[in-house]
Number of protein chains: 2
Amino acid sequence: MVPRTLRTDIDRPTVILDVAARLVQRRGFNALSYADIAAEVGITKASLHYHFAGKADLGQALIVRYTQRFGAALQQIDDQYPDAYSRLQAYARIYELVLREGRFCLCGMLAAEYETLSQPMRDAVVAFFNLNHAWLTGVLEGGRIDGTLEYPPPGADVAQMVMSGLEGALLVARPFGDVGRFVASTHGLIEGLRKRTT
Amino acid sequence: MVPRTLRTDIDRPTVILDVAARLVQRRGFNALSYADIAAEVGITKASLHYHFAGKADLGQALIVRYTQRFGAALQQIDDQYPDAYSRLQAYARIYELVLREGRFCLCGMLAAEYETLSQPMRDAVVAFFNLNHAWLTGVLEGGRIDGTLEYPPPGADVAQMVMSGLEGALLVARPFGDVGRFVASTHGLIEGLRKRTT
DNA sequence: GTCTATAGGCAGATAGAC
DNA sequence: GTCTATCTGCCTATAGAC
C-alpha cells in the first residue's frame, strides 16, 4: 500500500531509534531512560514498550541499524574512491563527522559499557568491530597492491591500530570539545601509512 | 600516633576507593552504586556516605588519586629509562597492565560518560589527559634530541596520537578479552616512531 | 498504537541511636 | 564510624481501557 501523499514524517520505530541513538552516543546506554526518549519523541513510556519490549531489545536494534549503515558507508567508499589511501581518508572522515555532531561512536560507547550489556548486545558490538576490521584489512592489503600505502607489520595488525586509533581519538577529543585534537591524532596515523614517493 | 602493631589492613577510605575504582573501570561510573561498593567493602551504604558525602565526591576523589598515581608512574619512568623510545614502551606497558586486570583506563571510561559527569569530575578528567599529553610531548621532543625517535609532525600532535591510540586500543581490545589485540594496535604505533638506524 | 495508572525495585541520600 | 530505618525519586515494565 503506497501512501497517497509524500510523507515527510518517518515511522515511529525509526524516530525512536534516531532519538535513542543520539542519547546513547552522547551519554551512554546506562544513562539512557525510556522517560527521556518518550519525552523527546512525544509519546509515553508505555508506547515505547509497544515498539521495543525491553531496553535490551532497543539497544540491540540500535547496534544492528548502526552496523548496517556503517557497512553501507564502507561500500560507498569502495565505489567512490579507487585507491587505498583515499579510502582510509574517507574512513577517518566518517569518524570526524560523528564528532562534529557532538557524538561518540555508538559501539565505542557500548564497548566502554560492555560488561553491563546483555549477551545479544555484546555480540552485536563485537560484530561491528569485526566488520570494520575486515574492511580495513582489505583496504590496507589493497594499498600494498595499488602502491599507495607502505607499512611493515601484517595488515590485520595495522587495521586494528587504525580502528583503535580512530575510536580513541573520538573518545579523548570529546571532553575537550575540540575537533582539532581529533585531527591532530588521526592525520599522523594515516599519513604514516602513505607510501613515500621519494 | 604510631600503631602498636604492624597493620596489614588499610584505612577505610582507601579500601572504598580501591573497590570503587575497580567497579568503575569495569562497568562505568553510571553503573556504579553505593549498594555494590558497600556490599563488597563490608559496610552499609550509610557508612559510605560518611566517608564520601555524595557519588560525585567519591568520583572526584577517584580521579584525583588515579591521576596522582599515574603522575608518580610517569616520574618513575623518567628515572628508570634514559631514552625516549624506552620511555614510550614503558608508557604503553602501563596501559597493558590495566587491560590484563580486565579494566579500562579510569579516565577513558569517564571520558565516554563525560556528558553525565559533575563539573568537578569533568575538570579532573581533563586534567588527567593534560598531564599525559604534557608528559608525552616532553618525551617525544626528547626523542628528537637523544636520537631514538623520528617523526614528521609537531610533537604535541604525535603525543595526542599516542595517548588516543592507547586509550582506543584498550577500549576495543576489552570486548574481545584479548591482550593480543591491544599489542597488535600499539606495537606498530610506537615502532612507527622509532628512528630507523639504516 | 497510544493512553492512564500502577506495580515493584533500586537509586542516592538523611536522621538519629549507639 | 557504623548502624537501622526511612524518605523520595526515578527506573523498567505491565495491565487494561480506548
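In what follows, chains carry the letters A, B, and so on, assigned in the order in which the sequence lines appear, proteins first and then strands, with residues in each chain numbered from 1.
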Under a 4.5 Å cut-off applied to non-hydrogen side-chain atoms, are Lys55(A) and Leu32(A) in contact?
yes
Does dT2(C) have OP1 or OP2 under 4.0 Å away from a side-chain N or O of Thr44(A)?
no
Could you tell me the separation between the NZ atom of Lys55(A) and the P atom of dA13(D), rounded to a whole number of Å?
9 Å
Protein-nucleotide distance (Leu58(B), atom CG; dA13(C), atom P), rounded to Å:
10 Å
If you look at every strand shown and take non-hydrogen atoms under 4.0 Å, does Leu32(B) touch a base, only sugar-phosphate, or nothing?
sugar-phosphate
In whole Å, I'd like the distance from the OH atom of Tyr34(B) to the C1' atom of dT2(D).
15 Å
When rounded to whole Å, the NE2 to C1' distance for the pair His49(A) and dT14(D) reads 8 Å
Expressed as a whole number of angstroms, how long is the span from Ile37(B):CD1 to dC10(C):P?
17 Å
May I have the distance from Phe52(B) (atom CZ) to dA13(C) (atom P), rounded to whole angstrom?
13 Å
Is there side-chain contact between Phe128(A) and Leu110(A), with heavy atoms separated by less than 4.5 Å?
no
Testing dC3(C), dC3(D), dA13(C) for proximity to the side chain of Ile43(B), the answer is dC3(D)
Whole angstroms only, please: what is the CG-C1' distance between Leu48(A) and dA13(D)?
12 Å
Determine whether more than 12 heavy atoms belonging to other residues, nucleotides or ligands lie under 6.0 Å from atom CD of Gln76(A).
no
Out of Arg103(A), Arg26(A), Arg22(A), which residue meets the salt bridge (charged side-chain N to carboxylate O under 4.0 Å, His left out) rule with Glu115(B)?
Arg26(A)
So, is Ser47(A) close to the dG1(C) phosphate, meaning a side-chain N or O under 4.0 Å from OP1 or OP2?
no
Side chain of Ala46(A) only, heavy atoms from C-beta on: which candidate in dA15(D), dC3(D), dG1(C) is closest?
dA15(D)
Going by heavy atoms in the side chains, are Thr116(A) and Phe29(A) under 4.5 Å from each other?
no
Heavy-atom nearest nucleotide on DNA chain D taken for Arg12(B) and for Lys45(B); more 5' hit belongs to Arg12(B)
Out of dT2(C), dT14(D), dT2(D), which has the shortest distance to the side chain of Tyr50(A)?
dT2(C)
Please tell me if His51(B) has a side-chain N or O lying less than 4.0 Å from either OP1 or OP2 of dT2(D).
yes
